[in-house]
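Structure record follows, encoded as C-alpha cells.
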Amino acid sequence: MAAVPTKPRRRPKLAVWKFSSCDGCQLSLLDCEDELLAVAEAVEIAYFLEATRAEIAGPYDISLVEGSIGTAHDAARIQQIRKQSKVLITIGACATAGGIQALRNFRDVDGFIRAVYARPDYIDTLATSTAIQDHVKVDFELRGCPISKEQLLEVLNAFLNHRRPVVPPMSQCIECKMHGTVCVMVARGTPCLGPVTQAGCGNLCPAHDRGCYGCFGPKETPNVAALTKQFAALGRTDGDIANALRSFNANAEPFRAEAQRRETPPHRVPS
Amino acid sequence: MTITETAPSASRTIKVDALARVEGEGALTVRVKNGVIQDVKFRIFEPPRFFEALLVGRPLTDAPDITSRICGICPVAYITGSSQAMEDALGVDVGDGIRRLRRMMYCGEWIESHVLHAYLLHAPDFYGLEDSIQLARQAPGVVERALRLKKLGNRILEVIGGRAVHPVNTRVGGFYKSPDRAAVRGLIEPLKQAVEDSLATVRLFAGLEFPHFEPDYTFVAMHHGTDYPIERGRIVSNRGLDIAIADFEQHFDEEHVAHSNALHGVMKDGSGPYMVGPLARYALNHAQLSPLAREAAAGAGLGPVVRNPYKSIIVRAVEVLYACEEALKLAEDYQELAVPAIDLPFRAGTGTGCTEAPRGICWHRYGVDGAGRITAARIIPPTSQNQKQIEADLRAVVQDNLHLPDDKLKWRCEQTIRNYDPCISCATHFLTLTVERD
Ligand code: SF4
Ligand code: SF4
C-alpha cells in the first residue's frame, strides 16, 4: 500500500504551567514512560520547566495548568497564560478545586502566618487557594490528586485530534461494579465517598480495602447529603463527616457546601 | 530569563528568573562587583501551602495521605515519616514484616526519583543539552534504559502502594491490604534486569566530565548498623554528631530569611551550613552498602567519601543499584502479611519520625491528643536543610568561574543547584508551628 503523502504539519506547541501544587500531576506526564518520547514527537514542548530549560515563546496550542491560585502574582500570571493559550486544560485537584491547600479557605490565614512565620511581613499570600476556573475560562478540567496518566494521554490525544476527550463523569461506584469489587460500605460499613466521587482512578481505594476519600472530586450531580446521612448512620459525627469532605477537593462546591452544613449546628443557622 | 551586564567586568548580575529541571519554583540572583561577590540569593517563591497548620485538628490517621501531597516526587518519604511519628506517639511497633514492606516501597521511590533526576533532569547539563528529549535524539538507548528503570520504580510503588504518585494503600500502623504475593514476585525478574541497568548507569555517569570543586562539607545523614539508611537509623554527621531522631530539634533549627518562602536549616552550634542527601548518606554509610554497590562505586573512581557535588550523579546511580538489589532481596523474601496493619491505641503524646528521602533526611514531629487528633505539627524537609549549603556552593562556584561568559556561568550555577535535586515544592510548606486556633 503506497504511503499517503502528507503535507508537513507544524507540530502543536505544548506548554506546562505550575501554580501552587506538589508537582505530582506534571510528574504524571513524565511518568508516561512508554509514551513520553511519542508525546515529545507529536507536540513541540515549548515550555515545561520541570523537564527542560528551553523556552519557546507563545502563543501555545495547548497549555496544561497544574496548581491553584494562592498569591496575587499568580492571579495575574494565569491571565497572561490564558491570553497566550488556544486551549487551556487544568490538571489535578489543585487546579480544578484549589487542592489540599484550599483548606485554608476555611480558616484565618493571617492568624496562620502570624502563628507560623517568624517574620510575617516577608510573606505574600492570598487568604484563599482557588481553582483556575475561578480566574479564567478553562477548556477542560482533568480530575484527580494526582491525575491518572491514562486519562492525561486521552485528553492530549483528543485535543490534538480536535475531538472531545472520553472521560466519563460517572461515579467511583460504577468503577467498583465494573471491576467486581465488593462494596466496602455495604459489606463492611466502611464510609466511602465513592458514590459522589468521579470515576477515573481505576477503582484504587475500594480495591485496597479502604473507602474512597474523594481525590477525583465530586461527580456530576452528586447527592452528597444522602451519602453523609449514611455516614451518620454508620456512627460518624458531623465533625468526622466535615473532615472527610474537606481534603483534596475541599473547595469543590458540593463537598464544600455539605461540609459547611455538617459543621454548623442547626441552632446556629444565622437568622 | 535575563542576564544583565550593567558594566562589563566591573559589575555583573547573574539572574535565573525561573529555574528549570527542578521541582517547584525557584530563582537565583548573584551580584558581583569588581570581581567580588556581593550577594547570592537562591530564592524559593513557590507559595506556602501551610501544611503544618492545616494538619492541626485533623485525625492523626489523615497525616500520611495529607502530607504525601507536599511532594509528588517523594510522597513515600512523607507517608513513611508521618506514619512513624504517629506510631511513636502512640507507642506502637509495627514489627518487621510491615517495616520491610515499607522499605521495599521506599526503594521504589528511590529508584523512580533518582532515575528521574539523574538521567532526565541532571544528565543533560553534563552534555550541554537543554533536556532529556534532546538527549533521547542523540542517545536513544540511554534514555530508553532510564525510562525502563524509572518505570520499574513506579511499578514497585504500584504493587505495594496501589499508586505511583500518592499511594493509597498506606496507613498509620501499616497497610490497608497486604500486597499480592504473585504481584511482588513478578517484580523479581525485572529487578534482576534493573541491577544490570543500574550497573551500566554507574559506568555511564563515571565517564562524564566533572568540574573541579571539593568543599569540606558537614555531612548529615541517618545511620544504621546493618542497613544502608532508608527508613530507620540515628542521625549522624562527619563531625561527630550522633543522636536519636527524637533529639533533632536540640541540634538543628530553621531560620526565616527575607528572600525565600522556604525556611533555611541551620545547626544550633553555629557551625554553619550542612548538607543532606546522597553525598552525605554515602560518606557516612559506605560500609553499609552492598558489596556490589561498593565495587561499582570503586570502579567509577569513587572513594569512600565524595566531596565533589557534581559527582552526586554517580552516587545517585550507586544508590539506585543498591535500591534495586535491596528491593530484589525483599521481594524474594516477601510473605503476605497476616495482619497488614496493627491497631492504634489512641493516647496523648508526641512522636517523631525521620527517613532518608532521595534528597536527604526528612524529619517530622507531631503532638496528638487522646481522641486521635493532631495538636501540633512540624516537618523539616531536606531541601530547606540544604538551602544554605546551596548558596555557599554558588558563592564558591561563581568566585571560581568569573572568567566564564554570562551564559556559561549561568548554566554552571543552575547545574550547581541541580546537584542537590532540590524539591522546592517541599521546601516551602514547612513552618514552625506550635498551636493554631480559629
Ligand atoms: S492535584 Fe494533588 S497530585 Fe496534583 S499537583 Fe495538586 S496536590 Fe499534587
Ligand atoms: S478511590 Fe477515590 S480516593 Fe481512592 S484513588 Fe480513587 S478517587 Fe482517589
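The figures here come from the full heavy-atom set of this structure, side chains too, leaving out hydrogens, waters and symmetry mates. Chain A is the first sequence line, chain B the second, and so forth, proteins listed ahead of strands; every chain is numbered from 1.
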Where does [X] contact chain A at under 4.5 Å (heavy atoms): side chain, backbone, both or neither?
X	result
B:Gln134	neither
B:Ile73	both
B:Leu121	side chain

Chain B heavy atoms under 4.5 Å from [X]: which part of the residue, side chain, backbone, both or neither?
X	answer
A:Phe48	neither
A:Leu30	both
A:Leu37	side chain
A:Ala102	neither
A:Ala54	both

Do you know which of A:Asp209, A:Thr52, A:Leu36, A:Ile45 has the most heavy-atom pairs under 4.5 Å to chain B? A:Thr52
Flag the one option from A:Cys94, A:Cys25, A:Ser247, A:Cys145 with the top tally of heavy-atom pairs under 4.5 Å to chain B. A:Cys145
Indicate whether any N or O donor in one side chain lies under 3.5 Å from an N or O acceptor in the other, for A:Thr128 and A:Asn105. no
Parallel, tilted or perpendicular: which describes the rings of A:Trp17 and A:Tyr47, with under 30° parallel and over 60° perpendicular? parallel
Does this structure show an ion pair linking [X] with [Y], if we count only N-O contacts that are shorter than 4.0 Å?
X	Y	value
B:Arg163	A:Asp31	no
B:Asp62	B:Arg58	yes
A:Lys18	A:Glu50	no

For A:Glu33, the option from B:Arg145, B:Lys150, B:Arg148, B:Lys151 that meets salt bridge (charged side-chain N to carboxylate O under 4.0 Å, His left out): B:Lys150
What heavy-atom pair brings B:Tyr119 and B:Ser132 nearest, and what distance separates the two atoms? O-CB, 4.5 Å
